[in-house]
Amino acid sequence: MPLVTIDIIKDVFSPAKKQELIERVTEAMVAVEGEEMRGVTWVRLVEIEQGDWAIGGQRLNAAAVHAMGGKLKAA
(Lines give C-alpha, C1' and ligand atoms only; values in the text may rest on other atoms or scores of the structure.)
Protein backbone atom coordinates (compact mmCIF):
# COMPACT_ATOMS: atom_id res chain seq x y z
CA MET A 1 0.00 0.00 0.00
CA PRO A 2 1.70 3.23 -1.12
CA LEU A 3 1.62 6.30 1.08
CA VAL A 4 2.40 9.53 -0.76
CA THR A 5 3.08 12.59 1.39
CA ILE A 6 3.08 16.07 -0.15
CA ASP A 7 4.34 18.98 1.94
CA ILE A 8 2.73 22.30 1.02
CA ILE A 9 2.74 25.78 2.52
CA LYS A 10 -0.53 26.58 4.27
CA ASP A 11 -2.95 28.72 2.25
CA VAL A 12 -1.14 28.25 -1.07
CA PHE A 13 -3.61 25.71 -2.49
CA SER A 14 -7.38 26.06 -2.46
CA PRO A 15 -9.50 23.09 -1.31
CA ALA A 16 -10.28 22.37 -4.99
CA LYS A 17 -6.56 22.33 -5.89
CA LYS A 18 -5.82 20.04 -2.94
CA GLN A 19 -8.49 17.65 -4.19
CA GLU A 20 -6.95 17.81 -7.66
CA LEU A 21 -3.53 16.96 -6.22
CA ILE A 22 -5.00 13.95 -4.42
CA GLU A 23 -6.81 12.72 -7.52
CA ARG A 24 -3.88 13.20 -9.89
CA VAL A 25 -1.34 11.54 -7.59
CA THR A 26 -3.70 8.61 -7.17
CA GLU A 27 -4.10 8.40 -10.96
CA ALA A 28 -0.30 8.41 -11.32
CA MET A 29 -0.03 5.40 -9.01
CA VAL A 30 -2.75 3.61 -10.95
CA ALA A 31 -0.99 4.40 -14.23
CA VAL A 32 2.23 2.85 -12.95
CA GLU A 33 0.95 -0.14 -10.99
CA GLY A 34 -2.56 -0.82 -12.26
CA GLU A 35 -6.16 -0.28 -11.15
CA GLU A 36 -5.75 -2.50 -8.08
CA MET A 37 -3.65 0.30 -6.53
CA ARG A 38 -6.55 2.79 -6.47
CA GLY A 39 -8.16 1.44 -3.31
CA VAL A 40 -4.91 1.18 -1.38
CA THR A 41 -3.15 4.41 -2.38
CA TRP A 42 -2.98 6.87 0.48
CA VAL A 43 -2.26 10.53 -0.31
CA ARG A 44 -1.49 12.84 2.58
CA LEU A 45 -1.17 16.62 2.31
CA VAL A 46 0.86 18.15 5.11
CA GLU A 47 0.46 21.91 5.44
CA ILE A 48 3.49 23.74 6.76
CA GLU A 49 2.80 27.06 8.48
CA GLN A 50 3.71 30.15 6.48
CA GLY A 51 7.21 31.29 7.39
CA ASP A 52 8.25 27.79 8.52
CA TRP A 53 9.55 26.95 5.04
CA ALA A 54 12.44 28.68 3.30
CA ILE A 55 14.35 28.67 0.03
CA GLY A 56 17.73 30.28 -0.42
CA GLY A 57 17.64 31.48 3.18
CA GLN A 58 14.38 33.39 2.67
CA ARG A 59 11.27 32.40 4.62
CA LEU A 60 8.22 31.86 2.44
CA ASN A 61 4.57 32.71 2.85
CA ALA A 62 1.67 32.06 0.49
CA ALA A 63 2.06 35.42 -1.27
CA ALA A 64 5.74 34.72 -2.00
CA VAL A 65 4.90 31.28 -3.41
CA HIS A 66 2.20 32.74 -5.65
CA ALA A 67 4.65 35.40 -6.86
CA MET A 68 7.21 32.70 -7.65
CA GLY A 69 4.56 30.76 -9.57
CA GLY A 70 3.88 33.74 -11.78
CA LYS A 71 7.57 34.03 -12.61
CA LEU A 72 7.80 30.32 -13.36
CA LYS A 73 4.80 30.42 -15.70
CA ALA A 74 6.29 33.38 -17.59
CA ALA A 75 9.61 31.58 -18.14
Side-chain angles (χ1 to χ4, degrees):
M1 137 177 92
L3 169 62
V4 180
T5 302
I6 304 169
D7 294 334
I8 57 177
I9 296 175
K10 188 174 183 179
D11 299 327
V12 169
F13 293 98
S14 69
K17 287 295 184 181
K18 290 178 194 177
Q19 183 61 39
E20 183 179 352
L21 277 170
I22 291 166
E23 290 171 4
R24 293 178 92 177
V25 168
T26 301
E27 289 302 325
M29 287 302 305
V30 169
V32 170
E33 290 294 327
E35 187 60 39
E36 62 276 3
M37 282 280 115
R38 186 177 307 281
V40 296
T41 297
W42 296 56
V43 178
R44 182 174 73 141
L45 303 179
V46 177
E47 289 190 303
I48 309 298
E49 288 295 326
Q50 295 189 47
D52 287 350
W53 193 318
I55 185 169
Q58 300 298 311
R59 295 172 69 188
L60 297 176
N61 59 25
V65 172
H66 288 293
M68 288 172 61
K71 290 177 186 174
L72 293 174
K73 289 178 186 173

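In the hydrophobic clustering of ILVMFWY residues, with side-chain heavy atoms under 4.5 Å counting as a link, V25 and V30 come out apart.
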Please lay out, stage by stage, how I55 and L60 fare under the test side-chain contact (heavy atoms from CB on, under 4.5 Å). CA-CA 7 Å; I55 185 169; L60 297 176; 3.7 Å; yes
Should T26 and V43 be marked as a side-chain contact (heavy atoms from CB on, under 4.5 Å) after you check the CA-CA gap, both sets of side-chain angles, and the distance that decides it? CA-CA 7 Å; T26 301; V43 178; 3.6 Å; yes
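Rounding to the nearest 0.5 Å gives a distance of 10.5 Å between CZ of R38 and CD of E36. Considering NE2 of H66 and CD1 of I9, their distance stands at 9.5 Å, rounded to 0.5 Å.
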Return all side-chain donor-acceptor pairs below 3.5 angstrom for residues 46-54, not counting sequence neighbours, or 'none' if the list is empty.
unit_1	atom_1	unit_2	atom_2	d
E47	OE2	K18	NZ	2.7
Q50	OE1	A62	N	2.9
Q50	NE2	K10	O	3.3
Q50	NE2	D11	OD2	3.2

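For the pair R24 and E27, the salt-bridge criterion is not met [side-chain N within less than 4.0 Å of a carboxylate O].
Heavy atoms from other residues, nucleotides or ligands lying under 6.0 Å from CD of Q58 number 12 at most.
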